[in-house]
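Computed over heavy atoms, backbone and side chain alike; hydrogens, waters and symmetry mates excluded. Labels below follow one simple rule: chain letters A, B, ... track the order of the sequence lines, proteins then strands, and each chain is numbered from 1.
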Amino acid sequence: MSVEALVPLLDYASVLVFALTGALVASRGQLDVVGFIFFATLTGIGGGTLRDLVLGRAPVFWVGRPELLLLTAGAAIVVFFTAHRLESRYRAILWLDAFALAVAVPAGVGVALETGVSPVVTVLMGVMTGTFGGLMRDVVGNEVPLVLKQGELYVTAAFGGAVAALLLLALGAGRGWALIGCAAVVLLLRAGGLGFGWRLPVYKARPPRM
Amino acid sequence: MSVEALVPLLDYASVLVFALTGALVASRGQLDVVGFIFFATLTGIGGGTLRDLVLGRAPVFWVGRPELLLLTAGAAIVVFFTAHRLESRYRAILWLDAFALAVAVPAGVGVALETGVSPVVTVLMGVMTGTFGGLMRDVVGNEVPLVLKQGELYVTAAFGGAVAALLLLALGAGRGWALIGCAAVVLLLRAGGLGFGWRLPVYKARPPRM
Amino acid sequence: MSVEALVPLLDYASVLVFALTGALVASRGQLDVVGFIFFATLTGIGGGTLRDLVLGRAPVFWVGRPELLLLTAGAAIVVFFTAHRLESRYRAILWLDAFALAVAVPAGVGVALETGVSPVVTVLMGVMTGTFGGLMRDVVGNEVPLVLKQGELYVTAAFGGAVAALLLLALGAGRGWALIGCAAVVLLLRAGGLGFGWRLPVYKARPPRM
């Protein structure tokens, strides 16, 4: 199998893993199984839906691929019956979200490259596809949005990965490798932020006149 | 009048009743009359707008039907001058929202059937059209989203109604009757949840190793 | 330079000033510089993006104008390094938001006029373009949405400005002057609300049976 053949799998992987995080948020809200499906679907398809809308790709990607919705529903049902086995569901959300981010950013960059938009817009598409599903999950589920966690390399990881993809392409890498590099950079930065406390300097309000 | 002729009325009814709930949320926030109009409009057209966007039906439904916007504004003004007569505005929101849900879900299913998407997507369109107006109202108005209420058959009612419509169609019912059946199932489930405490089992985190 | 030539500048001004308010919200959340860029971009382009989507103008306005995204990023970086000099960042957000509102409402009205939609939809486009960027900023950033501030002439200012533009056009003014009048009315009403306590009467729940 060539590297390029991996690319369509990014969408499936991203939808599935984000769906798992959405279902875990539903478990924190103690919802019923349809509530789990709701949050899994919102999180799984939210970012890609927004990406398709702003690029003018309507109907959006899952309208012609209903199996993606069965995937989110299936993930929700599995989580409904198994989440109580997890020691920390919040920790599981954070780490699964990191993996989802690492596949959703290249999925967004890949679609932007196909559409032929400018590099700046390509980076934004990567960041938006990666972060908006989780953002909707957190806003609707009354969780603190991960984008608000101080200096934890969340948006920064998505941004870094999208820029890395463009650099790899500029250096002559094929599209498949560029997207794999993108995923690797996102995962490395985000895992470094979560596991090892990697940080960028954050804004600190200083007292006036100092 | 044939049953099919009732179908276009679903949009008007759904926009109107959701607008009333939006205006009631504005009254809880003690806004001015333009604030009432803002929330009534956001809630009234929010779900259908999202449905049209993801299906690629742009411009969205109310762009060519400005009378819908006059309807939400009128509803807002009526609520502004009369809401103080209600004994419990929150209770009124819950019950009006149940009626709005019961007309918005078939409105979403009906549009999806016209567009000819797959059954899974049709169900999602029903749920999305039904729930997203209220969701935007609650998120913007700092209320706890109804989708987060534990096991109260909210998303579940929408889901059940959309599935019921597809079953009725599969059994040979006409489209008009299928949508009426959809509305009845949504209202029955939601009213049962609100009035009689009907519940689906909710997720309960058990202590580890038990 | 003719007045009409000012119109395309409205988009740039609105994106820039909203971006500044987004970056200031990021500073209140003590994010890193990429978090500043995220909030600046979300706020700067949010309202216009929604306007373009509902009007069916996809891809949305910034897809073909990546310099707008460089503008929001640049604004974010400037705020990251200078916001600590402000005495009250919240006060700065309120006033910058007032200026952004005063340019974004005519930007929305202008696009609606070009698209040739009905007057009611034109007013809604002005209000939506003006308020939704700030609304997304506040919802994602865990701030109380400005639309919820009691009677502070926020949505009301946007609404008044959009209506003023239509009145000026009906009175025979050119489009450029109508949009300038729109901006002036928005700014006047909002500044009056912020600085002089101008208010519309707000809804007050009276005790039952009085």
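The two atoms that bring B:Ala164 and B:Val185 nearest to each other are CB-CG2, 3.8 Å, heavy atoms only. Summarising the geometry of A:Leu101 relative to A:Ala157, their closest heavy-atom pair is CD2-CB, 4.5 Å, with the distance given to 0.1 Å. Of all the heavy atoms in B:Ala76 and B:Ala23, the pair that sits closest is CA-CB, 3.9 Å. When all heavy atoms are compared, the tightest approach of B:Val25 to B:Gly141 is CG1-CA, 4.3 Å.
In this structure, the portion of A:Leu42 lying under 4.5 Å from any heavy atom of chain B is its side chain and not its backbone. The part of A:Leu53 that comes within reach of chain B is its side chain, from C-beta onward, which places non-hydrogen atoms under 4.5 angstrom from that chain. With a threshold of 4.5 angstrom between heavy atoms, A:Ile45 approaches chain B through side-chain atoms but not through N, CA, C or O. If you measure heavy-atom distances from B:Pro145 to chain A, the contacts under 4.5 Å come from the side chain alone. For chain A, no part of B:Thr115 is nearby; none of its heavy atoms comes within less than 4.5 Å.
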Given the rule in the side-chain contact (heavy atoms from CB on, under 4.5 Å) test, do A:Leu68 and A:Phe61 qualify, once you have shown the distances and angles that lead to the verdict?
CA-CA 9 Å; A:Leu68 284 168; A:Phe61 71 106; 3.7 Å; yes
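No other option in B:Leu200, B:Leu148, B:Val155 has as many heavy-atom pairs under 4.5 Å with chain A as B:Leu148. Annotation: maximal heavy-atom pairing with chain A below 4.5 Å, among B:Val139, B:Val147, B:Leu153, occurs at B:Val147.
The neighbour count for B:Phe132 CZ, taken as heavy atoms of other residues, nucleotides or ligands under 6.0 Å away, is above 12.
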